Amino acid sequence: MTTAMTTAAAADQISAIEIFLENLVILMEAECADFTIAKLDHWLDLCTQRMIATGSTSPGTIGALWAMQARVLGV
């Protein structure tokens, strides 16, 4: 498998994960009375700050998480 194919496949997988998460968030907001996108956004912020404080995740992963959070939640 070439690098271009591997990169394309990884990009497709990332896009699929983002679409899955977007649909999951929409479902949760529609079906769970106490769930809101704002609450999820706040929770993700808290978790990310904890990962930064403990150094449990690389800066690159944190950046990717923030980018996905913005794309999935639209915040």
Side-chain angles (χ1 to χ4, degrees):
M1 189 178 282
T2 67
T3 303
M5 291 175 62
T6 303
T7 302
D12 287 342
Q13 288 178 335
I14 291 168
S15 292
I17 291 167
E18 290 176 355
I19 291 167
F20 175 83
L21 292 173
E22 288 169 2
N23 285 309
L24 182 60
V25 167
I26 291 167
L27 174 66
M28 289 176 68
E29 192 171 43
E31 297 294 327
C32 302
D34 293 343
F35 178 85
T36 65
I37 291 173
K39 286 181 182 179
L40 177 57
D41 187 52
H42 178 70
W43 175 253
L44 290 171
D45 286 342
L46 290 174
C47 292
T48 303
Q49 290 303 318
R50 183 69 180 151
M51 287 183 276
I52 291 169
T54 62
S56 62
T57 305
S58 73
T61 299
I62 295 294
L65 180 59
W66 279 333
M68 185 178 289
Q69 181 177 348
R71 285 190 302 270
V72 169
L73 301 183
V75 293

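These numbers come from a predicted model, not from an experiment.
Counting only residues at least two apart or in different chains, side chain to side chain donor-acceptor pair (under 3.5 Å) contacts with residues 30-45 comprise D41-Q69, D45-Q69.
Using a 4.5 Å heavy-atom threshold, the side chains of L73 and L44 count as touching. Residues M28 and L40 have side chains not in contact (no heavy-atom distance under 4.5 Å, counting atoms from C-beta outward). Taking 4.5 Å as the limit, some side-chain heavy atom of L65 sits within range of a side-chain heavy atom of M51.
To the nearest 0.5 angstrom, R50 atom CZ is 11.5 Å from T57 atom OG1. In this structure, the separation between CD on E22 and CG on L27 is 13.5 Å, given to the nearest 0.5 Å. For the atom pair OG1 (T7) and CG (D12), the distance works out to 11.0 Å, reported to the nearest 0.5 Å.
Contacts of R71 classified as side chain to side chain donor-acceptor pair (under 3.5 Å), with partners at least two apart in sequence or in another chain: E18.
Taking a 6.0 Å sphere around CZ of F20, one finds it holds 12 or fewer heavy atoms contributed by other residues, nucleotides or ligands.
Taking each heavy atom of V25 and F35 in turn, the nearest pair found is O-CE2, 3.7 Å.
Under a hydrophobic-cluster definition in which Ile, Leu, Val, Met, Phe, Trp and Tyr are linked whenever side-chain heavy atoms come within less than 4.5 Å, directly or via other members, L24 and I37 are assigned to the same cluster.
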